[in-house]
Peer 1: 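Dropping the structure in here first, questions after.
Along the sequence shown, residues are numbered consecutively beginning with 1.
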Amino acid sequence: MLIILKKGADEKEVARLLENIKQSGYTYARANEGGADMIELEGAPSYFQLDFFRSFAPVKKVVTSFEYREKVYRAGGKKDTSVTVKGRRIGGGNIELIAGPCSVESYEQTERIAEKLSKMGIRFFRGGAYKPRTSPYSFQGLNENGLKILSRIAKKYDMVIVTELLDVRNIDAVCEHADIIQIGTRNANNYALLKEVGKLKKPVLLKRGISSTIKEFLLSAEYIMCQGNSEVILCERGIRTFESEAYRTSLDITAVSVVKEVSHLPIIVDPSHSAGAWNLVERLSLASIAAGADGIMVEVHDRPQEALSDAGQSLKPEKLKPLIKKAAEVAECFGKTFMCSAAAGGRKENPSEKRRKIKSKKD
Ligand code: PEP
Ligand code: MN
C-alpha cells in the first residue's frame, strides 16, 4: 500500500503520521518515485486503518502499489489515452461504432453487410475468421480465407478491420490482414497469448474474461502493455452471473465507469455478446455510452436467419439507424462525439472529422 504525500508537506506532520503507522504495527519505507514523495506500507491494512491514515494533513492519497505502478492504471493522474488506426481514433472524446457479422461466412455475405454499414458511415468492421465456438461441431470459421475476405473489404470500403486471434500459431496471418487484433473472452487469461500480442505493433482489443474481476481484466491488459504494446482497447462484454435464463451474460455497466476512473485506457462495450438477443442491443448501447464507454461493438447480419453463428443477437443493418441517432444524442449529453455520419442529424460534425473528409476527398 502506498501513501502518496502532498508536495511540500510539513515534515513535522509527516513525522506524526510515521509515528502513528509505527504504533499501528506496520513496517514502512519512505520512497520517491517519479518526483512523488511516498510511504510504502508492508502488509494489508484494513479499510478503517487506511481511512485513519488518509485523515493526516500531508496525505494526498492512499493507493495500492498495483494502482500506482502498473501501466494500465492512471498512476498519479495520467490523462485518458486513445488508440488511432488509419486516422480514426477510439477514445479522447470520440465514440466509435464497430459493426459487422459474428463470422465471415463468404465474400458475398461479408461484402453485402460491409456495403450497407459503409453507407451509414460506419468505419470499423468486425468479423471473425477464427471462431471460438462452445461446441467443436459448430462452424469454426473460414480461417485464412476469412482473413483474405476481410482484407478485400478493408480496401474496397476503406474500413478498419477488427478480427479475433485465437491461437498464437495464427499470429502472422492475423497481423497481415487485421488492423486491430481482438482477444476474445475465452483467451482473456491466456497469458502466453497476451504476452505475444504485447510484442506486436498493432492495437489490441481485449475482451473481459467471462469470470474476470475488474482487477483481473486490467491485469490481463497489463500482460500486453508490459511487453511494450500500449495500444490496448478494453472491451466489456458481459460476465457470467447467477442469471442464466433471461439473457446470455450480465453486462457490467458499473465496470465501465470504474475502469474509466482507474485506467487511462479506452474501453468499449459489446452489448451483442452480453445480451445474446438483438432486441436488447440498442438500450444496452445507450446505457454503455452513458456509463462512459468510448465505443460500441455490435453484431450485424442482413440475413440473421441464415447466420452461421450468433443469429439471435445479430441486428439487421437498418436497425442500426435509430441506435446511431440516439447514441449520438447520449454522447452529446456527455460532451462526446459519436463518430458516424448517419448520426449527423443528431449532432454537429466534429471539426477533425470534417478535416479528415476534406483531406480524403483531395486524396
Ligand atoms: C466475438 O466477438 O466474436 C466473440 C466470440 O466474442 P466473445 O469473445 O466476447 O465471446
Ligand atoms: Mn458472435
Peer 1: From the options Gln313, Arg208, Arg237, Lys207, select the one residue that forms a side-chain hydrogen bond (donor to acceptor under 3.5 Å, both in side chains) with Asp270.
Peer 2: Lys207
Peer 1: How close do Ala327 and Ile289 get, counting heavy atoms only, and between which atoms?
Peer 2: CB-CD1, 3.6 Å
Peer 1: Keeping Lys116 on the side-chain end and Asp302 on the backbone end, is there a donor-acceptor pair under 3.5 Å?
Peer 2: no
Peer 1: Given the rule that I, L, V, M, F, W and Y join up when any side-chain heavy atoms are under 4.5 Å apart, are Ile180 and Met339 in one cluster?
Peer 2: no
Peer 1: Is there a side-chain contact between Lys60 and Met38 (heavy atoms, below 4.5 Å)?
Peer 2: no
Peer 1: How long is the span from the CG atom in Asn145 to the CG atom in Leu150, to the nearest 0.5 Å?
Peer 2: 11.0 Å
Peer 1: Can you list the other members of the hydrophobic cluster that holds Tyr28, where links are side-chain heavy atoms under 4.5 angstrom apart?
Peer 2: Met1, Ile3, Leu5, Val14, Leu17, Leu18, Ile21, Tyr26, Ile39, Leu41, Leu50, Phe52, Phe53, Phe56, Val59, Val62
Peer 1: Would His177 and Glu144 count as a side-chain hydrogen bond (donor to acceptor under 3.5 Å, both in side chains) if you check the C-alpha gap in whole Å, the side-chain angles of each, and the deciding distance to 0.1 Å?
Peer 2: CA-CA 9 Å; His177 300 281; Glu144 214 163 331; 5.2 Å; no
Peer 1: Is the side chain of Glu105 donor-acceptor paired with the backbone N or O of Leu142 at a distance under 3.5 Å, no angle test?
Peer 2: no
Peer 1: Provide the full list of salt bridge (charged side-chain N to carboxylate O under 4.0 Å, His left out) pairs with a residue in residues 312-321, sequence neighbours left out, each pair given once.
Peer 2: none
Peer 1: For Val330 versus Ala290, what's the shortest heavy-atom pair and its separation?
Peer 2: CG1-N, 3.9 Å
Peer 1: Taking C-beta and beyond as the side chain, do Asn170 and Asp167 meet within less than 4.5 Å on heavy atoms?
Peer 2: yes
Peer 1: Can you confirm whether more than 12 heavy atoms, excluding those of Arg54, are under 6.0 Å from its CZ atom?
Peer 2: yes
Peer 1: Is it true that a side-chain atom of Asp294 and a backbone atom of Asn94 form a donor plus acceptor pair closer than 3.5 Å?
Peer 2: no
Peer 1: Mind checking side chain to side chain donor-acceptor pair (under 3.5 Å) for Glu96 and listing every partner two or more places apart, or none if nothing turns up?
Peer 2: Arg123
Peer 1: Could you state the interatomic distance from CG (Leu284) to OG (Ser274), rounded to the nearest 0.5 Å?
Peer 2: 6.0 Å
Peer 1: Whether the Ser82 and Arg89 side chains hold a donor-acceptor pair (N or O, under 3.5 Å, no angle test) is what I'd like checked.
Peer 2: yes
Peer 1: With Arg133, which residues qualify under side-chain contact (heavy atoms from CB on, under 4.5 Å), at least two apart?
Peer 2: Lys131, Ser138, Phe139, Gln140, Ser309
Peer 1: What residue among Val300, Thr110, Thr163, Val162 forms side chain to side chain contact (heavy atoms under 4.5 Å, CB included) with Phe125?
Peer 2: Thr110
Peer 1: Ser263 side chain to Val72 main-chain N or O, any donor-acceptor pair under 3.5 Å?
Peer 2: yes
Peer 1: Which pair of non-hydrogen atoms, one from Ile239 and one from Glu236, has the smallest distance, and what is that distance?
Peer 2: N-OE2, 4.3 Å
Peer 1: Look at Glu332 together with Lys336 and state whether they make a salt bridge at an N to O cut-off of under 4.0 Å.
Peer 2: no
Peer 1: Would you tell me whether His301 and Glu306 have side-chain atoms, one donor and one acceptor, within less than 3.5 Å of each other?
Peer 2: no
Peer 1: With side-chain contact (heavy atoms from CB on, under 4.5 Å) as the criterion, how do Arg186 and Thr134 come out once you've worked through the C-alpha distance, each side chain's angles and the decisive distance to 0.1 Å?
Peer 2: CA-CA 10 Å; Arg186 294 157 184 84; Thr134 305; 3.9 Å; yes
Peer 1: With a 4.5 Å heavy-atom cut-off, do Asn229 and Lys199 have their side chains touching?
Peer 2: no
Peer 1: Looking at every heavy atom in both Tyr247 and Ala275, which two are closest together, and how far apart are they?
Peer 2: CB-O, 3.6 Å
Peer 1: Treating Thr84 as the side-chain partner and Gly87 as the backbone partner, does any N or O pair qualify as donor plus acceptor under 3.5 Å?
Peer 2: no
Peer 1: Heavy-atom distance under 4.5 Å between the side chains of Ser288 and Ile253, does that happen here?
Peer 2: yes
Peer 1: Does any non-hydrogen side-chain atom of Thr64 lie less than 4.5 Å from one of Leu2?
Peer 2: no
Peer 1: Hey, are Arg112 and Glu108 close enough for a salt bridge, meaning a charged N less than 4.0 Å from a carboxylate O?
Peer 2: no
Peer 1: Is the number of heavy atoms from other residues, nucleotides or ligands within 6.0 Å of CD (Glu261) greater than 12?
Peer 2: no
Peer 1: Between atom CG of Leu194 and atom CG of Leu219, what is the distance when rounded to the nearest 0.5 Å?
Peer 2: 11.0 Å
Peer 1: Contact between Met120 and Leu97 at the side-chain level, heavy atoms closer than 4.5 Å - yes or no?
Peer 2: no
Peer 1: If you round to the nearest 0.5 Å, how far is CG of Leu166 from CG of Asn143?
Peer 2: 9.0 Å
Peer 1: Do side-chain atoms of Glu243 reach the backbone of Thr249 as a donor and acceptor pair under 3.5 angstrom?
Peer 2: no
Peer 1: With side chains defined as the heavy atoms from C-beta onward, is the minimum distance between Met297 and Gln182 less than 4.5 Å?
Peer 2: yes
Peer 1: How many angstroms lie between atom NZ of Lys325 and atom CG of Leu320, to the nearest 0.5 angstrom?
Peer 2: 15.0 Å
Peer 1: Is it true that Phe334 and Val258 fall in one hydrophobic cluster, defined by side-chain heavy atoms closer than 4.5 Å?
Peer 2: yes
Peer 1: Quick check: closest heavy atoms across Glu216 and Ser211, and the distance to 0.1 Å?
Peer 2: OE1-O, 3.8 Å
Peer 1: Donor-acceptor pair, Ser250 side chain versus Asp252 backbone, under 3.5 Å?
Peer 2: no
Peer 1: For a side-chain contact (heavy atoms from CB on, under 4.5 Å) check, start with the C-alpha distance between Ile181 and Cys175, then their side-chain angles and the critical distance, and finish with the verdict.
Peer 2: CA-CA 7 Å; Ile181 296 177; Cys175 273; 3.7 Å; yes
Peer 1: Determine yes or no for a side-chain-to-main-chain donor-acceptor pair under 3.5 angstrom, with Glu111 supplying the side chain and Ile113 the backbone.
Peer 2: no
Peer 1: Are the charged groups of Asp10 and Lys12 less than 4.0 angstrom apart, N to O?
Peer 2: no
Peer 1: Is the shortest distance from a Lys or Arg side-chain nitrogen in Lys86 or Asp158 to a carboxylate oxygen in the other one below 4.0 Å?
Peer 2: no
Peer 1: Roughly how far, to the nearest 0.5 Å, is the OG atom of Ser285 from the CD1 atom of Ile296?
Peer 2: 4.5 Å
Peer 1: Does this structure show an ion pair linking Lys7 with Asp37, if we count only N-O contacts that are shorter than 4.0 Å?
Peer 2: no
Peer 1: Tell me whether Arg69 is salt-bridged to Glu33, with the criterion being a basic N under 4.0 Å from an acidic carboxylate O.
Peer 2: yes
Peer 1: Could you list the residues that satisfy side chain to side chain donor-acceptor pair (under 3.5 Å) with Glu13, not counting sequence neighbours?
Peer 2: none
Peer 1: Surrounding CG of Asn32 (heavy atoms of other residues, nucleotides or ligands, distance under 6.0 Å), is the total greater than 12?
Peer 2: yes
Peer 1: Kindly indicate whether the side chain of Val83, heavy atoms from C-beta on, has any atom under 4.5 Å from the side chain of Pro266.
Peer 2: yes
Peer 1: Mind checking who shares a hydrophobic cluster with Ile210, ILVMFWY linked at side-chain heavy-atom distances under 4.5 Å?
Peer 2: none
Peer 1: Check for a donor-acceptor pair, side chain of Lys260 on one end and backbone N or O of Ala293 on the other, with a separation under 3.5 Å.
Peer 2: no
Peer 1: So does Ala291 get a backbone contact from the side chain of Ser257, meaning a donor-acceptor N/O pair under 3.5 Å?
Peer 2: yes
Peer 1: Among Lys22, Glu40, Glu42, find the one that has a side chain to side chain contact (heavy atoms under 4.5 Å, CB included) with Thr27.
Peer 2: Glu42
Peer 1: Assess whether atom CZ of Arg240 is packed by more than 12 heavy atoms of other residues, nucleotides or ligands within 6.0 Å.
Peer 2: no
Peer 1: If I compare all heavy atoms of Leu265 with all of Ser230, which pair ends up nearest, and what's the gap?
Peer 2: CD2-O, 4.1 Å
